[in-house]
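All values derive from a computational prediction rather than experimental measurement. In what follows, chains are A, B, ... by sequence order, proteins preceding strands, each numbered from 1.
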2 protein chains.
Amino acid sequence: MLAPDLARKASCEDCPIRHRAVCAHCEGDELQVLEGMKSYRTYTPGEPIVWAGDDFNFVASVVTGVAAMSQTMEDGRRQMVGLLLPSDFLGRPGRAHAAFDVTAATSVTLCRFERRPFEALLRETPAVGQRLLEMTLDELDAAREWMLLLGRKTAREKISSLLAILARREASLSQQIPGGEIAFDLQITREAMADYLGLTIETVSRQLTALRRDGVIVLTGSRHVTVPDYDNLAAEAGDDADGTQLT
Amino acid sequence: MLAPDLARKASCEDCPIRHRAVCAHCEGDELQVLEGMKSYRTYTPGEPIVWAGDDFNFVASVVTGVAAMSQTMEDGRRQMVGLLLPSDFLGRPGRAHAAFDVTAATSVTLCRFERRPFEALLRETPAVGQRLLEMTLDELDAAREWMLLLGRKTAREKISSLLAILARREASLSQQIPGGEIAFDLQITREAMADYLGLTIETVSRQLTALRRDGVIVLTGSRHVTVPDYDNLAAEAGDDADGTQLT
DNA sequence: CGCCTGATTGACGCGGTTCAACCTCAGTGG
DNA sequence: CCACTGAGGTTGAACCGCGTCAATCAGGCG
């Protein structure tokens, strides 16, 4: 299950998430300690990482890929409660059981630390705790923004919001011209979109079709999206122009 | 605007939230520092504490009362994203502007610290940062639980969930007999309930009536609720019996 | 080719919103 | 003392957005 290319410990210095992850503020000695504690593991798409209620004796940073955190009701209704992207932190120091299901959405590589030693590290190395606090506060803000989407937005606005987020990320990653058209691939299925947005796959499909019909987006195949006019899409999302932006 | 009885600084030793708030882990010297930094302020019911986007140069602990954190769309749709109860922390170290509106739901007294000195304290006093991290992680879990409610639960389940939370809190505060009936007052209006649950006031009213008709609750006046059988109410909330519980 | 998973589309119905009337109660002032 | 007022709450009727159920389509793979 170990990815061959990452099974031998890559150096933290070369790590792609070096300056965004929980270890971002660490230097020299501290980084050495982390280097000694870490181990990599790669999960295949769809593979469960933990189930809610399970013993959960490690914490980890996502190095590559996407993992989904979700909750399921007895009758099968499911709600995604977080998307874990590279540099995001997974796990809960001070808690021995997982609160949510976590599943690999794509192929995912984690940089893992045993929970106990990591908790000790938190006590002794303020830099890690401070960075974790920053990251957790950001996640809390993002979760609260998402609550507005889930509680008050229409299906069309929900889809538009999600596409706008993905378009913004694509634009920032690829340094595209502001105002120009943005194109990206949906990495996730309609089902994952529905779980994330609190909708059904049928509604997701219908609203995508409607947005295409109205010229807000261009769909090539079912997974490739082109946004001719980002402002137009943002207006459909119902976010006030000056307001905060979902991450 | 200062509450006369709290305007002179009450001692941290006697503080009702002494061992639950952000200062919980502090001892001796550290407490002295906080004691010197703090100032109290009381807000009247309905009074805004901050608006989203405003300069926000303090952080605070709620000492007494209830404050509501919420987000509003251009057209007036509103979603509450958090309820701040005594000992809860308000504010975001490292950020100069508020992300959400915060309003006093009842009369609220805050124990406030200027943001800059508090940030310095966070760097120098690990105990505060560690406690804040714990609290933030708990809030994040609660926000994620709420996402399931907003995204997937029916109106009846939403109301039942809220009542179950309030009943649990009442039972734990008043040490009631497990299995016995639980009675409590709704401290908030139908409008606040609707904003919290992502519903309209009409739907809130109708579902409360339906739960009363079905014997799940007894309503005395419009604000006093008696729960004859907690397990029955919990079943209506749709939470799986073994699962995690909203706080 | 057949099979399976993911996605689209249509028909239909329900749950929750919308709009509106009305009720209750606590002030408030004549 | 009672009329007036306004906020909070309840109830009814009609509408419609989205879920449900079901049929069909497209693409990948043995």
Side-chain angles (χ1 to χ4, degrees), chain A residues 44-46 68 73 75-79 103 105-106 149-163 185-214 217-225 236 238, chain B residues 44-47 68 73 75-79 103 105-106 148-163 185-214 217-225 236 238:
Chain A
T44 55
M73 295 175 67
D75 59 8
R77 281 176 283 175
R78 194 180 338 160
Q79 177 64 52
T103 312
T106 64
L149 178 144
L150 291 174
R152 294 300 186 191
K153 288 192 178 180
T154 64
R156 187 182 174 100
E157 290 169 337
K158 287 178 175 182
I159 296 286
S160 300
S161 297
L162 179 59
L163 294 177
D185 282 315
L186 290 169
Q187 303 284 2
I188 55 177
T189 63
R190 297 290 187 267
E191 185 179 17
M193 294 176 68
D195 285 346
Y196 204 24
L197 299 171
L199 297 170
T200 59
I201 54 173
E202 294 93 332
T203 300
V204 169
S205 185
R206 274 189 258 271
Q207 295 300 333
L208 283 171
T209 305
L211 289 172
R212 180 183 55 188
R213 175 173 34 70
D214 299 345
I217 58 172
V218 178
L219 276 174
T220 314
S222 68
R223 294 288 186 95
H224 190 80
V225 178
E236 291 286 353
Chain B
T44 55
E47 187 179 357
M73 295 175 67
D75 59 7
R77 280 176 285 176
R78 194 179 339 160
Q79 177 64 55
T103 312
T106 65
L148 176 66
L149 178 145
L150 291 174
R152 295 300 187 192
K153 289 192 177 180
T154 65
R156 186 181 174 101
E157 288 169 337
K158 287 179 176 182
I159 297 286
S160 300
S161 297
L162 179 59
L163 294 177
D185 281 315
L186 290 170
Q187 303 284 3
I188 56 176
T189 64
R190 297 289 187 267
E191 186 179 18
M193 294 175 69
D195 285 347
Y196 204 24
L197 299 172
L199 297 170
T200 59
I201 55 174
E202 293 93 333
T203 301
V204 170
S205 184
R206 274 188 257 271
Q207 294 301 332
L208 283 171
T209 305
L211 289 172
R212 180 183 53 189
R213 176 173 32 73
D214 298 346
I217 59 172
V218 178
L219 276 174
T220 315
S222 68
R223 294 289 186 94
H224 190 82
V225 178
E236 291 286 353

Engineer: Grab the CZ-C1' distance between A:Arg77 and C:dG15 for me, whole Å please.
Structural biologist: 13 Å
Engineer: Would you kindly compare A:Arg152 and A:Thr209 by the position of their nearest DNA chain C nucleotide and give the one closer to the 5′ end?
Structural biologist: A:Thr209
Engineer: So, does B:Gln79 use its side chain to make a donor-acceptor pair with the main chain of B:Asp195 at under 3.5 Å?
Structural biologist: yes
Engineer: Which listed nucleotide (D:dG12, D:dG8, C:dT8) is nearest to the side chain of A:Arg190?
Structural biologist: C:dT8
Engineer: I'd like to know if A:Glu202 reaches the base of D:dC18 with its side chain such that a donor and an acceptor end up less than 3.5 angstrom apart.
Structural biologist: no
Engineer: Is B:Gly221 touching bases, backbone alone, or none of the nucleic acid, heavy atoms closer than 4.0 Å?
Structural biologist: nothing
Engineer: Counting distance only, does the side-chain N/O of B:Arg77 pair as donor-acceptor with the main-chain N or O of A:Arg152 below 3.5 Å?
Structural biologist: yes
Engineer: Below 4.0 angstrom from OP1 or OP2 of C:dT17, is there any side-chain N or O of B:Arg206?
Structural biologist: no
Engineer: Starting at atom CZ of B:Arg213, determine the distance to atom P of D:dT11, rounded to an integer number of angstrom.
Structural biologist: 10 Å
Engineer: Drop me the distance from A:Arg223's CZ to A:Leu186's CG, to the nearest 0.5 angstrom.
Structural biologist: 7.0 Å
Engineer: What is the distance from CG of B:Leu150 to P of C:dG16, rounded to the nearest Å?
Structural biologist: 13 Å
Engineer: Among D:dG19, C:dA7, D:dT10, find the nucleotide with the atom closest to the side chain of B:Ser205.
Structural biologist: D:dT10
Engineer: For C:dA7 and A:Arg223 - does any side-chain N or O of the residue sit under 4.0 Å from the phosphate oxygens OP1/OP2?
Structural biologist: yes
Engineer: Is B:Leu199 touching bases, backbone alone, or none of the nucleic acid, heavy atoms closer than 4.0 Å?
Structural biologist: sugar-phosphate
Engineer: Identify whether any heavy atom of B:Gly46 sits under 4.0 Å from a base atom; if not, whether one sits that close to sugar-phosphate; answer base, sugar-phosphate or nothing.
Structural biologist: nothing
Engineer: Separation of A:Glu157 atom CD from D:dC18 atom P, in whole Å?
Structural biologist: 9 Å
Engineer: When the distance from CE of A:Met193 to P of C:dA7 is rounded to whole Å, what number comes out?
Structural biologist: 9 Å
Engineer: How long is the line joining NE2 of B:His224 and C1' of C:dT24, in whole Å?
Structural biologist: 19 Å
Engineer: In whole angstrom, give the distance that lies between atom CD1 of B:Ile201 and atom C1' of C:dG16.
Structural biologist: 14 Å
Engineer: Between A:Val218 and A:Val225, is the side chain to side chain contact (heavy atoms under 4.5 Å, CB included) condition met? List the steps.
Structural biologist: CA-CA 6 Å; A:Val218 178; A:Val225 178; over 6 Å; no
Engineer: When all nucleic acid strands are considered with a 4.0 Å heavy-atom cut-off, which category describes B:Thr203: base, sugar-phosphate, or nothing?
Structural biologist: base
Engineer: Rounded to whole Å, how long is the line connecting atom CD of B:Glu191 with atom C1' of C:dT17?
Structural biologist: 16 Å
Engineer: Out of C:dT17, D:dC18, D:dT20, which has the shortest distance to the side chain of A:Thr200?
Structural biologist: D:dT20
Engineer: Side chain of B:Thr154 only, please: which of C:dG16, D:dA13, D:dG19 is the nearest?
Structural biologist: C:dG16
Engineer: Could B:Lys158 and B:Glu236 be called an ion pair, given the rule that one side-chain N must be under 4.0 Å from one carboxylate O?
Structural biologist: no
